[in-house]
Structure formats: structure tokens, C-alpha cells
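Note sheet for the following structure.
Letters A, B, ... are given to chains in the order of the sequence lines, protein chains preceding strands, and every chain is numbered from 1.
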4 protein chains.
Amino acid sequence: MGNDFKSRDKFTSIIDSALRVFGEKGYYNATISEIARTAGVSEATIYEYFGSKEDLLFAIPGEITSQAVEFLEGMAPYIKGAENKIRAIVYGYYNLYKDNPDYSSLVLLNLKHNRKFMEAEGYQAVQRAAGFLLRAIEEGVKSGEFRDDVDPYLIRSVILGTIEHIFFRWHLKGRKEELADFVDALMDILTRGIKKDGEPRAYQINITLPESPAGSPP
Amino acid sequence: MGNDFKSRDKFTSIIDSALRVFGEKGYYNATISEIARTAGVSEATIYEYFGSKEDLLFAIPGEITSQAVEFLEGMAPYIKGAENKIRAIVYGYYNLYKDNPDYSSLVLLNLKHNRKFMEAEGYQAVQRAAGFLLRAIEEGVKSGEFRDDVDPYLIRSVILGTIEHIFFRWHLKGRKEELADFVDALMDILTRGIKKDGEPRAYQINITLPESPAGSPP
Amino acid sequence: MGNDFKSRDKFTSIIDSALRVFGEKGYYNATISEIARTAGVSEATIYEYFGSKEDLLFAIPGEITSQAVEFLEGMAPYIKGAENKIRAIVYGYYNLYKDNPDYSSLVLLNLKHNRKFMEAEGYQAVQRAAGFLLRAIEEGVKSGEFRDDVDPYLIRSVILGTIEHIFFRWHLKGRKEELADFVDALMDILTRGIKKDGEPRAYQINITLPESPAGSPP
Amino acid sequence: MGNDFKSRDKFTSIIDSALRVFGEKGYYNATISEIARTAGVSEATIYEYFGSKEDLLFAIPGEITSQAVEFLEGMAPYIKGAENKIRAIVYGYYNLYKDNPDYSSLVLLNLKHNRKFMEAEGYQAVQRAAGFLLRAIEEGVKSGEFRDDVDPYLIRSVILGTIEHIFFRWHLKGRKEELADFVDALMDILTRGIKKDGEPRAYQINITLPESPAGSPP
DNA sequence: TATGAATGAGATTTCATTCAT
DNA sequence: GATGAATGAAATCTCATTCAT
């Protein structure tokens, strides 16, 4: 059992190091040797835990994304309204990417471009998150919160594309500038863009009526 | 002259082959050997034209993007209104990426993630296109077409992010499905999202007044 | 420990093979591949032990020269007189070069002409030997054993130049002829050339005088 | 004829450039391409004049050394005495090497170590110079100017070795320091070292005679 | 004669991966 | 389970050299 514990330690340590090294140098420029050194184990040990360099890469998101998705899914029932749900999800991505820069670097710069990753296990978690977002949008359309002619897939692309694009540039530019909190601004644009027009928006309309009797329109 | 012609041929042929092979396999999994074979020249010949594998990669976008950007910039003065300009640019990207799938694959899956590319010459063209888009958005804000509180950088991220995300998925999924023309839908959402509310939109407002005398609101 | 032993073995074996192959073919015409074959290891293994082909080259003299220099330096205090010290050093070079023909070939035909070698670690040993010789000469001048107007640097050049020239030709001619022991003859010329003239040179002259009538000369 | 003239020009220009480039970078690190660029001709043209890179290397000394040797040989009959002849030759080397640093760099750092050079034509001139020096020494022995037991080959090695060693170091150290005129000092040492003792030097000879009848040395 | 263009033939070097201990 | 040591398998890149024009 002490062994198990140690093993778990080593497993985690390798994943962590891989995350860091892959995140910094990119998959192809990272070497097993450096990951091993960072993790404080031998190269051979890595192969005890992971079948190949690619396996190691693919094993990373499983852990992290799963947690994030579970959190969101657990919270979902308590959030009312599609807009709020979407906002929560966007914040979920935002925080996940911001708080784990190595992770977002890895996902955005390495994993997403790997066709094989789409067949790997870790991809499931990513998919689940995306599916979750899609359903929230669809719900909004169905409930009448959003316009009927809105294409949920497009909306999802707008959301994910925007998030990824912003983080992407942040990474490419070396994470030097502070990352602005763009979530509310994005949600604002999006909401205006897809919400039903007829909605009881608070338009300020002033009508001045002549003094005579009394008639008050609603 | 015949010679010049041949040289140009070879140059183009190498670029084309590189575009294809890089696009298919990715930069790291592509080999000079395969590019040479595809182009029908020897490996050494490639090094006569390009200093290194990376140089070859970076040389690709210069040609194609430049053309597209020039076209757009030439057309700009004839387009009135920020919205129309943006729409033209988005269509520019859409057509460029759609008509040159190997190119978009290369840019989206390989080049954009390369930090060194940001220092290469070919990056200029990409930058120019992005700058052009940004200015169109800013123009819309200044002219009052868009709301004042709109952040042009965010809008640009929304636009580029969405486009890239959609093409990205298209490539990752093997370009099997026909790519929908999402431009108008995207523009619709975006326009609603950022246009000034006060604009002469045709709101249907019914006001029922009591019959009596005559009252005219100012 | 068994491992250590093996490692040491391999290290030595690579150095030996490199010495032989470099010595025979010269640095540029030697290939890592041949050295690996000679050493009975793979090419990659060589790179486990040495960072580059040049590193391997530079690693060779460190071992051998160091030993020789240490031997000489250890012996120095027991030798009286500058002339004797110099003679010992010359013999040191002579024996080193003669007993390790591959080594002398390497040093004289390859290493000495390499400007980078002057910055490498192995060069220190060579330097130490040369410095040791210089000091012996200077001592001779200071003690009055040699003439005052003698330039120690020139003398050193005469000594090293002569030794190197002779071995040089020996190697270039394919080491076919037996190498004569030129040390005493060289020392003789040199001594006559730089010793103080008035010195009470110890000529051993035996004169046998006939006691009286009949004497038998040898 | 105009053509011949041009050809000669090109030939010379190539040799000159080769001398410079080989001298600076060494044979193996020099490229035909750079020599061609320096000479202002195409690479292919070099192959019109010289069969291979090595041929070009070997063609260089023929020109220069021949001139020097002819000059010396022409002057020889007018110089009286072996010592003076030797001094003239040493000065010949000294000036040749000093005034043509690229040439001496080439000869000392590249050519001398090339076994094949010994079979090339250009080697003849070098040989002739060396033979000339040897004969001068032998003449000194025969004429009684030098001691009988002097080995002319060793003396030649001392002379050439010293000269080469000094120039060698000068080149390796980047020719930064001014090169001292070591010729007279070398000749002084050498002369003292090999001249006949019978000269009016003051030797102190002590002879101890046995006082009594019979003494037998061991 | 002169050369621009092309290439054959390697050489060094890098790593992911394996295996005996 | 852990690892030090070894290597197979390539990949990039370099140049001397050739040849059609």
C-alpha cells in the first residue's frame, strides 16, 4: 500500500512534469529525457507508466478536464436559464485556462492539432465539455430565450473559438500581459446577438400626453 | 529566360509540395525527403532554394496571404460602412481558407503555433490582414455604427476565433463534411450584438390612446 | 560496480578506437561510424559518452598526456641541473611519442592544428608540459649554467620543433624506418650551443702512462 | 592570345583565392563555393582548371616555393662557407613564411600533414629546398667547418623544426603578436653547437697522473 | 570557355524505446 | 518496480562534382 502510494506519487509527478515540459516546449521539442529529469525519475520509469510519448501526452487532459467538467455538470441543475448556464461554462473555461497556463498551452498548442488525440481517451472529457455547452445553447433556443433561427453549432464555435483565440494569442506572446476578463463583454455581445428581440427589454420610452382627462397606457 | 522559367517552376513546385505534405502530415512528421519526392526534385535541390526546413515552412504563407490581403485592401475604399467592410473581410478569410484547404490546414494547424513564425517575414501578411480587420471595427465604433462600449480587440477575437475554430474542426475531422457557409449567420449575430440600439430598427410599438380630444406628444 | 567496470571499459574502448582511427585517417576523414565499428559499439553509444565528434577528439590527449606530465613533474625534484632536467623532458617526449605512435600521430597531425583545441581541456596537459620545459631552461639561465643572452622561448622552440619535426616525418613516411634515438645527439648540440663557454666541463680523459720500459696500450 | 591572357588571369585568381581561403579556414572547412566567390568565378569554372579540390590545394605551393628555391639556388654559388649558406637558407624560409602568411599557414597547417601531397608535383619544390639545406650542412662537415660526428639530417630537423614550430604557433595564436627575427639567435646557437671545437676555445683540462709505478684504470 | 542548376552520397546527431540487472 | 546503459532508425543538411546550355 505504501508502494501504491509511492506509485501514485510517481504517476502524478510524471504527468505534472510532462504538462510543464510539453507546455513550455511543445510536444515535438520536448524530450522524454527532460520530462524524466523534471520528474526525478529515469526515462525507463516513464515507460513503466505510459506506453509511449504520445500516450503520455494524451493522458494529461483526462485528469484535469474531467474535474472541471464534473464540477460544471454538478452545478448545472442549480443554474436557471440558458444564458446563465452558458455564462457559467464560459467562466469555467476561462478559469481553467487561466489558472493552468501550462495546461491551456498544452491543449491549445499541441493537443488540439493532433488527429490521433480525437481517438484517445482524454478527448472524451473535452468532448463532454463541448457537448454540455451545446446543450445549454439548444435549451435556450427551445425555451424561447434565444431566437429560433440561431444555429447552436455556430454559437458554440463563436464561444469556443473566441476563448481559444484569446488564450492562444496570450500564449504565443509569452503570457506577458495580464489577461483581461473578457467573459462578461463576450456574453453581452452574444446575448444581444442571439436573444429574442421581442423580449421585455427595458426600452425607455417617454410619452407625454396632453393634460386632459386621464388615460394611462400600460 | 528559359532557365528563369524552369527555376520559377521548381520553386513553385517545391512550395506546392511542401504545402501539401506539411498540410497533410504536419510540420514535424513531414520529411524533406517526401517533399522532394513529391516535387520531383532531389533533397539537395530544396536546400538550394530554401535554407532549412523551417525556412521552407515560413516561405509558404508569404505568397498566398499577400495576394489575398492585397485584394482586400484594394477593394476596401469601395465598400461603405464598417459592417460591410467586416463582412467582406470575413468572406475573404472564408474563401481563402475554403479554396485552399492545404493552406488553411497549414496555417491553422502548423504555422500559428510556431513562435518563431511570428518573427518570420511571412507573418507580416497575416498581421496586415488582422490589422485591416481591426481598423474596420474601430471605424464602426467611431462612426457610431457600433456601440461605444464595444472593444474592437474582443470583436476581432470573436471573428477570427470563430472562423479558425470552424475550419479547424473541419480539418481535424478530415474535411469530410461539406463546409457550411456560416458567414451571413455569423455576421447577423455579430451585428445584432454590437450595433447601436438606438438605430432606426423597426420596432413595432402599438400604443392605444383614449378617444377624447387631441394630444400630440412633442 | 560491475556496471561501472563495463562503463569504464566502453569509455576506454571508444577512446582507443578513436585514437586509432583518427591517427590513421585524420580527423576529417575518420567517421564516427568507423570508430563505433572499431570499438564494437553503436554510433549512438559514442554520443552517450562524448557530446560530439570534436569532443571525442579533444578527450584523447587528456588521458595520455596527463600521465606523462605527472610522471615528469614527480621526478623533477630529484634531477639536478637544468641540462639534466631538459634531457629528462626530451626523453619524456621521445618515449611518449615513440611508444604511442597513434597518439603522436594524432597530436602532431590533427590536434596541434586545431585552433579550438587550444580552448579545450586536454590542451592544459600539453601546456603544462611545455611550461615545465620552459622553466627548466630559465633555471639554467638563472643558475649560470647557460649563457645569459639565451632566449628560453627560442630554445624551447628548438627543442619541441626538432622533436615534432622528426616524429612528423616518421609518421608521414609511414613509420617504416626504425626511429633513431636522437635525444643525446640533440642534447649535445644544444648544450654546446647554449652552455657558458668558460665552464669547467667535465671531460673524462683517461690517460694510461707506461710505468717504465714496456707498457701495453689497449 | 587575349584569351590566353584572360585564362592566365583566371588561373592565378583561383590559386590566389584558394590560398587565402584555405589559409584562413583550413582545407576541410574551406568550400569550393567560397573560393569561387572570392575569385569571382563560378564553381564549375574551377573544375575547368583543376580536377578536384585536392588538386587545387596541391597546385598552390608549386608556384611560390619554386620561385623561392630558384632564387636561393641561383644565389648559392656566391655565398662562401656552409654557415653562411645555411644562414641564407634560413633567412629564405623566414622571409617566405613571414611575407606570405597565408602561404605558410597553408603549408604548415594543411599541406604538410597530407600524405598524398608527398606524391604531388608541388612537393618537389619543397623537397628541393630541403635537399639544398641538407647539402649545405654536409658541405660544412666535409670541409671541416662542422664537427665530424654531426648528423646532417638531425641538424636539418633542428633548423626546419624550429622555423616551423615558431611560425606554427604564430598562426595558431592568430598572428597577433609581431614575429621576432629569430634567425641570428638560432644560427648562433646552432653554430656554437656544431662547429669544430678545435677552434681557439679555452678548455680547462685537468689530468691527474698516478704518482707511482702501476695504475690500472677499471 | 563559362556557368547555373542539380544532385549523389554521406556524415553527424537526436531520441524514443528496450532490456538486463 | 526502477533504472543505467545501449541502440535502431531516421532526419536534416552539406558539398564536391557533373552537365546541358
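- Both Glu43(D) and Glu43(C) lie close to DNA chain E; mapped to their nearest nucleotides by heavy-atom distance, the more 5′-ward contact belongs to Glu43(D).
- Spacing between atom CG of Asp9(D) and atom C1' of dA2(E) amounts to 15 Å, rounded to whole angstrom units.
- In this structure, Tyr47(B) atom OH and dA9(E) atom P are separated by 19 Å, rounded to whole Å.
- For Tyr49(B), a side-chain nitrogen or oxygen approaches OP1 or OP2 of dA6(E) to under 4.0 Å.
- Remark: C1' of dA10(F) and CD of Glu34(B) are 14 Å apart, rounded to the nearest angstrom.
- Annotation: the span from Phe50(C) atom CZ to Ile60(C) atom CD1 amounts to 8.0 Å, rounded to 0.5 Å.
- Side-chain contact between Leu109(B) and Leu172(B) is present, with heavy atoms from C-beta onward closer than 4.5 Å.
- Nucleotide dT21(E) is matched to dA2(F) when pairs are restricted to Watson-Crick or G-U wobble geometry with both distances under 3.5 angstrom.
- Within the 4.0 Å cut-off from OP1 or OP2 of dT3(F), at least one side-chain nitrogen or oxygen of Thr45(A) is found.
- Tyr28(A) and Tyr28(B) have parallel rings, their planes meeting at less than 30° on a 0 to 90° scale where 60° marks the start of perpendicular.
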Give the C-alpha distance, both sets of side-chain angles, the deciding distance and a yes or no for salt bridge (charged side-chain N to carboxylate O under 4.0 Å, His left out) between Glu48(C) and Lys10(C).
CA-CA 11 Å; Glu48(C) 287 284 318; Lys10(C) 228 156 229 181; over 6 Å; no
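- In this model, the phosphate group of dA5(E) is not approached by any side-chain N or O of Lys10(B) to a distance below 4.0 Å at OP1 or OP2.
- With a cut-off of 3.5 Å on both Watson-Crick or G-U wobble distances, the partner of dG10(E) is given as dC13(F).
- The distance from atom CD1 of Ile46(B) to atom C1' of dA5(E) is 15 Å, rounded to the nearest whole Å.
- Per the geometry, CD1 belonging to Ile35(D) stands 17 Å off C1' belonging to dT3(E), to the nearest Å.
- Rounded to an integer number of Å, the gap from CG of Leu57(A) to P of dA16(E) is 12 Å.
- Residue Lys53(A) contributes atom NZ, which lies 15 Å from atom P of dT18(E) at whole-angstrom precision.
- Here Phe22(C) and Tyr103(C) keep their ring centres 6.0 angstrom or further from each other.
- Protein atom CD of Glu48(D) is 9 Å distant from nucleotide atom P of dT3(E), rounded to whole Å.
- For Tyr27(C) and Ala44(C), each mapped to the nucleotide of DNA chain E holding its nearest heavy atom, the one lying further toward the 5' end belongs to Tyr27(C).
- Ala36(C) comes within 4.0 angstrom of nothing in the nucleic acid, heavy atoms only.
- With DNA chain F read from its 5' end, the first of the two nearest nucleotides for Ile32(D) and Glu54(B) is the one closest to Glu54(B).
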